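I have placed the structure first, in the form of C-alpha cells, so that the comments after it can refer back to it.
So you know, we letter chains A, B, ... as the sequences are listed, proteins then strands, and number each from 1. Here the structure is a predicted model, which means the values were calculated and not measured.
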Number of protein chains: 2
Amino acid sequence: MLKHKHNHDECIESALEAAQKICEERETRFTPLRRRVLELVWSKHQPITAYEVLDLLSEGQKRVAPPTVYRALDFLIEEGFVHRIESLNAFVGCSDPAHKHQGHFMICTKCSNVTEMNEKSLHDVIKKAAKENGYTYENSILEIAGVCENCRN
Amino acid sequence: MLKHKHNHDECIESALEAAQKICEERETRFTPLRRRVLELVWSKHQPITAYEVLDLLSEGQKRVAPPTVYRALDFLIEEGFVHRIESLNAFVGCSDPAHKHQGHFMICTKCSNVTEMNEKSLHDVIKKAAKENGYTYENSILEIAGVCENCRN
DNA sequence: TGATGGGTTGATATTTTATAACAATCAGGG
DNA sequence: CCCTGATTGTTATAAAATATCAACCCATCA
C-alpha cells in the first residue's frame, strides 16, 4: 500500500499525464494554471492546504489571490484528480483519477501520510448502511485516523 | 429511525439531564454556560454552526465572544455530548451520550436533517479496513450525504 | 474581419470559521 | 481566608473560503 522511496518526480509526472489525457477525453480544459496546481498538490505526499498551494504558486512572481487557487482546486476535485480531506481542510492527489469516486482515507496521526482506500467492499457497506437508514445514497466521506505501519516502528 | 413530531422540548430536556448525570459520575463540570450551549445545540434537529450558537447565546444580553462558544463546544465534544460534522463545519447533539464514541452520520442534502448511526457492524468494518491497511485505529469520521425518506416523498 | 459569447483568470474586498494570549472571576481545599 | 486550578471574559488575530466584477483568451460565425 505504501510505496517507500519511490521516484516522486515520476509519480507526479504520471499524475499530470493521466489528468491531461482524461481532460482530452472529456473535452475539459487542463489549463497551465490547473496543471500547475495539480503538480503542487502532488508535490507533497501529505495533504496540502489551499494556502500552502497559494504560497508555492506565488514563488518568484506576483502573489496570486485565493480565488485563483480555490477555483483550480474546485476544477481538479470536480474532475476527480484531487480529493479534499475534510478533517484537515487540506487536499491530496487522487491515486486513481481514471474512475471518478469519493475518496476514503487513512490518515496517520504521526507523519500525516495519507493512504487512499479504493476498496469496493467498504464502499458497498457504506451504501448499504445508507439504504438501511432510508437514505438515497449520494456520496460519502470516510477519514480514519490512526498510526501507520512506518510510524509504529 | 426518524421520529417525526416528537416532543422536542422533552427531547432537549432528556439530553440535558443525561449530560448532567454523566458529568456527576465523571466529576467534570457541567456549568451553566456548557448546559446552555448544549441546550442550544439541541434546539435544532439540524446541525448548527458555532456562530449560530453564538448568536442565540447572545440574545438579550451582551454579545459573547467566539472563544466562549468554542470552548464550551470543545468540552461537550470531549465529553461526547456533541459531535462535529466535518463536512458542514457544524455541530449536532449526540444521540447516545452514555457511551463515548465517534459519530457516523447520514446527512440529508435536501432538509439538512442528520441521522446518527450507532451501528457496531459499520464500526467493525471500518476498524478492519484500518487494520488491513496497516494502521492502528484511533478514530474515524463517516459522513454520508443523501436524500432522506421524508424528502423523497 | 471583427463582433460575440462562453469560459477562464485577475483583482479587490469581505465573510466565515477558529484560535492565541492574557485578564478577571469563581469554586473548593487547606 | 487565602491559594490554586479551572472557567469565563476580552481583545486581537489567524486561517479558510467566497462574492463580485473586470480583464482576457479564444473559438465561432455572421
All ring pair (Phe, Tyr, Trp, His ring centres under 6.0 Å) counterparts of A:Phe30, not counting sequence neighbours: none

Value in whole Å for how far the P atom of C:dT15 lies from CG of B:Asn89: 18 Å

Please report, rounded to the nearest Å, how far the C1' atom of C:dT9 is from the NZ atom of A:Lys62. 12 Å

Just to verify, what does A:Phe105 make a ring pair (Phe, Tyr, Trp, His ring centres under 6.0 Å) with, not counting sequence neighbours? A:His83

To 10°, what angle do the rotation axes through the five end pairs on each side of the helix from C:dT1-D:dA30 to C:dG30-D:dC1 form? 10°

Residues at least two apart in sequence or cross-chain that pass salt bridge (Lys or Arg N to Asp or Glu O under 4.0 Å) with A:Glu138, listed by chain then number, are none

Is there a residue in residues 66-85 of chain B whose heavy atoms reach under 4.0 Å of DNA chain D, and which residues are they? B:Pro67, B:Thr68, B:Arg71

Under the criterion side chain to side chain donor-acceptor pair (under 3.5 Å), which of A:Lys100, A:Arg26, A:Arg34 is the partner of A:Glu79? A:Arg26

Rounded to the Å, how far apart are B:Glu52 CD and C:dT15 P? 17 Å

Whether the side chain of B:Gln102 engages the backbone of B:Asn139 through a donor-acceptor N/O pair (distance < 3.5 Å, no angle test) should be reported. no

B:Leu54 CG to C:dT19 P, in whole Å, measures 14 Å

Contact nearer the 5' end of DNA chain C, comparing B:Tyr51 with A:Val64: A:Val64

Residue pairs passing the side-chain hydrogen bond (donor to acceptor under 3.5 Å, both in side chains) test with at least one member in residues 59-72 of chain B, sequence neighbours excluded, are B:Asp55-B:Arg63

Tell me: CG of B:Leu33 to P of C:dC26, nearest whole Å? 14 Å

Name every residue in residues 25-32 of chain A that has at least one heavy atom under 4.0 Å from any atom of DNA chain C, in order of residue number, or write none if there are no such residues. A:Arg29, A:Thr31

Just to verify, what does B:Lys128 make a salt bridge (Lys or Arg N to Asp or Glu O under 4.0 Å) with, not counting sequence neighbours? B:Glu132

Of all residues at least two apart in sequence or in a different chain, which pass the salt bridge (Lys or Arg N to Asp or Glu O under 4.0 Å) check with A:Glu86? A:Arg84

Distance check needed: C:dT9 C1' versus A:Arg34 CZ, whole Å only. 9 Å

Restricting to side-chain hydrogen bond (donor to acceptor under 3.5 Å, both in side chains), what partner residues turn up for B:Arg29, sequence neighbours left out? none

Name the nucleic acid region contacted by A:Arg63, choosing base, sugar-phosphate or nothing; use a 4.0 angstrom heavy-atom cut-off, strictly under. nothing

Side chain to side chain contact (heavy atoms under 4.5 Å, CB included) partners for B:Gln46, two or more places apart: B:Lys44, B:Ser112, B:Asn113

Which residues pass the salt bridge (Lys or Arg N to Asp or Glu O under 4.0 Å) test with B:Arg35, not counting sequence neighbours? B:Glu13

From the options C:dA18, D:dT10, D:dA17, select the nucleotide whose nearest atom is closest to the side chain of B:Ala65. D:dT10

Protein-nucleotide distance (A:Arg36, atom CZ; C:dT9, atom C1'), rounded to Å: 17 Å

Length of the line joining B:Leu88:CG and C:dT16:P, which is rounded to integer Å: 16 Å

